[in-house]
Amino acid sequence: MKPLQWPWQRVRNPNRLVVACTEDTFAYVEASIDLRRPYVIKRCGLERRGEDTAPAFARRIKALKLPIKDVIAVLPLDRTQILQIETPTVPPEEIKAAARWRIKDMVEAHLDDLTIDVMRLGDGRPRTVQHLYVIAAVNSAINETNALLTAAGMELAVIDICETAQRNLQNALADAQGLRERATAALMVHESQCLLTISANDEMFYTRRLEWDETVFGHTADEAARQTGSAAPVYGPGVLSQQTLESVDIVDYSVEVPEFGTAHDTPRLVIELQRSFDVWERSWPDLPLSHLTVHAGAGSASLSSIIKRDLGLPVEPMDISTLFSGLDGASVTAEVLEACVPLLGALLRHEVRKL
């Protein structure tokens, strides 16, 4: 197996395949990513293992005749951690080793069972204390993904994580709106959790994982869609995988609970969002938050309205159709969209990011 790239390293081939593998599923999106927008999704799908043996499942994937080179894999959220630390004062070639030592008491697995890499936090603007992100991926998740792809005759080249995939999607949407240099936030529901990212100048400054509960609507998302008369978004709920990992960022959230009214009136998610935005305002006063985009499947419009009502922040549902075409065919079911939407950001990786 050749050395893997991470999503902050350069890739040049415009024809890309992104996959997400679990023990029982294989989701994929094949697309052509060039200077023209919307980008063209050539095909996407979701294969379930069912009663197949592992070799039989691999043969079924191979029969799809997907591209076999330079495959990008997005790891499930619960198989990675992303941690924020102060940048070690060591030479650049020693930063990864220093970061590995720094997080040894912060990770949920033994360091020998993790693949570690580092990524710059923010866009490098002068700060009294510089920070970076440390990404810790469970080795078994990488090995299982590689084993399935190898058995299917495919070559894993790049490992991506949910945070950077969402950052890419968020930045592309901001760029399309002329907001590249402004701070924008994105919130995407991933089954039992939400992933919040704040970015500016194509770089991620902040990320946090929050608990998700459909009772934020006072009823389920499906009921919310029926009661508001809105259909599910064209591109589905955006669920990646089951998440059980608690928030792992190390920012201090011990701030006053905002006075929205009673705790009964205000969903916990909204309170936690306000706490994160308060931290943001204190940490980056020169980068006021311009708006928040939300992806919560059929409940996107309802959730946007709730957040806008309680926080007074400009909020809008995430409109992915401005970036991608080809996801509205008859063969692209809601289940397929649910599995594939979180992979779209991994299609957009194109830059080198240095410490």
Working to the nearest 0.5 angstrom, can you tell me the gap between [X] [atom1] and [Y] [atom2]?
X: Met318; Y: Met188; atom1: CE; atom2: CE; answer: 4.5 Å
X: Leu121; Y: Phe205; atom1: CG; atom2: CZ; answer: 7.5 Å
X: Thr145; Y: Leu156; atom1: OG1; atom2: CG; answer: 7.0 Å
X: Arg208; Y: Leu273; atom1: CZ; atom2: CG; answer: 8.0 Å
X: Asn139; Y: Ile116; atom1: CG; atom2: CD1; answer: 8.5 Å
X: Arg16; Y: Lys42; atom1: CZ; atom2: NZ; answer: 12.0 Å

* Give the C-alpha distance, both sets of side-chain angles, the deciding distance and a yes or no for side chain to side chain contact (heavy atoms under 4.5 Å, CB included) between Asp113 and Val138. => CA-CA 6 Å; Asp113 298 325; Val138 178; 5.9 Å; no
Of the non-hydrogen atoms in [X] and [Y], which two are nearest, and what is the gap between them?
X: Gln81; Y: Arg209; value: CA-NH2, 4.2 Å
X: Ala152; Y: Ala58; value: CB-O, 3.6 Å
X: Pro67; Y: Met154; value: O-CE, 3.6 Å
X: Tyr28; Y: Leu46; value: CE2-N, 4.2 Å
X: Pro76; Y: Cys162; value: C-SG, 4.3 Å
X: Phe26; Y: Leu149; value: CE1-CD2, 3.8 Å

Looking at [X] and [Y], does any basic side-chain N land under 4.0 Å from a carboxylate oxygen?
X: Arg180; Y: Asp202; result: yes
X: Lys308; Y: Glu316; result: no
X: Arg60; Y: Glu47; result: yes
X: Lys96; Y: Asp117; result: yes

* To do: Taking atom CD of Glu94 as the centre, report whether more than 12 heavy atoms of other residues, nucleotides or ligands fall under 6.0 Å from it.
  =>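 Check passes, neighbour count above 12.
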When you group the ILVMFWY residues by side-chain heavy-atom contacts below 4.5 Å and let the links chain together, are [Y] and [X] in the same group?
X: Leu173; Y: Leu195; value: no
X: Val40; Y: Ile320; value: no
X: Trp101; Y: Val107; value: no
X: Trp280; Y: Leu179; value: no
X: Met106; Y: Val134; value: yes

* side chain to side chain contact (heavy atoms under 4.5 Å, CB included) partners of Gln130, counting only residues at least two apart ->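 By the side chain to side chain contact (heavy atoms under 4.5 Å, CB included) rule, Gln130 matches Thr87, Arg127.
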Short side-chain to backbone donor-acceptor contact, [X] and [Y], under 3.5 Å:
X: Asp213; Y: Thr215; result: yes
X: Arg100; Y: Leu111; result: yes
X: Arg182; Y: Ala174; result: no
X: Tyr206; Y: Gly122; result: no
X: Thr207; Y: Leu196; result: yes

* Step-by-step side chain to side chain contact (heavy atoms under 4.5 Å, CB included) determination, Asn15 to Glu30 -> CA-CA 7 Å; Asn15 297 310; Glu30 181 186 358; 6.0 Å; no
Would you say the side chain of [Y] lies within less than 4.5 Å of the side chain of [X], judging by non-hydrogen atoms?
X: Thr164; Y: Met119; result: yes
X: Leu344; Y: Leu323; result: no
X: Tyr39; Y: Leu348; result: yes
X: Ile95; Y: Leu132; result: yes
X: Leu187; Y: Ile307; result: yes
X: Ile198; Y: Trp284; result: no
X: Glu86; Y: Arg102; result: yes
X: Thr266; Y: Gln274; result: no

* Please step through side chain to side chain contact (heavy atoms under 4.5 Å, CB included) for the pair Asp160 and Val18, ending with a clear verdict. => CA-CA 9 Å; Asp160 207 343; Val18 177; over 6 Å; no
* Are Glu144 and Glu23 close enough, and set up right, to give a side chain to side chain contact (heavy atoms under 4.5 Å, CB included), and what steps lead you there? -> CA-CA 8 Å; Glu144 290 163 7; Glu23 183 179 357; over 6 Å; no
* Asked: Between the side chains of Thr293 and Gln170, does any donor sit under 3.5 Å from an acceptor?
  ->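 Distance-only check fails for Thr293 and Gln170.
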* To do: For the residue pair Asp319 and Ser321, confirm or rule out a side-chain donor-acceptor distance under 3.5 Å.
  =>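 Ser321 and Asp319 do have a side-chain donor-acceptor pair below 3.5 Å.
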* To do: With sequence neighbours left out, write down each residue that passes ring-ring contact (aromatic ring centres under 6.0 Å, His included) with Phe57, or none if nothing qualifies.
  =>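 Testing Phe57 for ring-ring contact (aromatic ring centres under 6.0 Å, His included), a comparison that skips the adjacent residues, returns none.
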* To do: Identify, with sequence neighbours excluded, every residue that meets salt bridge (charged side-chain N to carboxylate O under 4.0 Å, His left out) alongside Arg125.
  =>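 Per chain and number, Arg125 pairs via salt bridge (charged side-chain N to carboxylate O under 4.0 Å, His left out) with Asp123, Asp286.
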* After noting the C-alpha distance and the side-chain angles of Arg79 and Ser140, does the key distance pass the side-chain hydrogen bond (donor to acceptor under 3.5 Å, both in side chains) rule? -> CA-CA 9 Å; Arg79 306 307 297 276; Ser140 59; 2.7 Å; yes
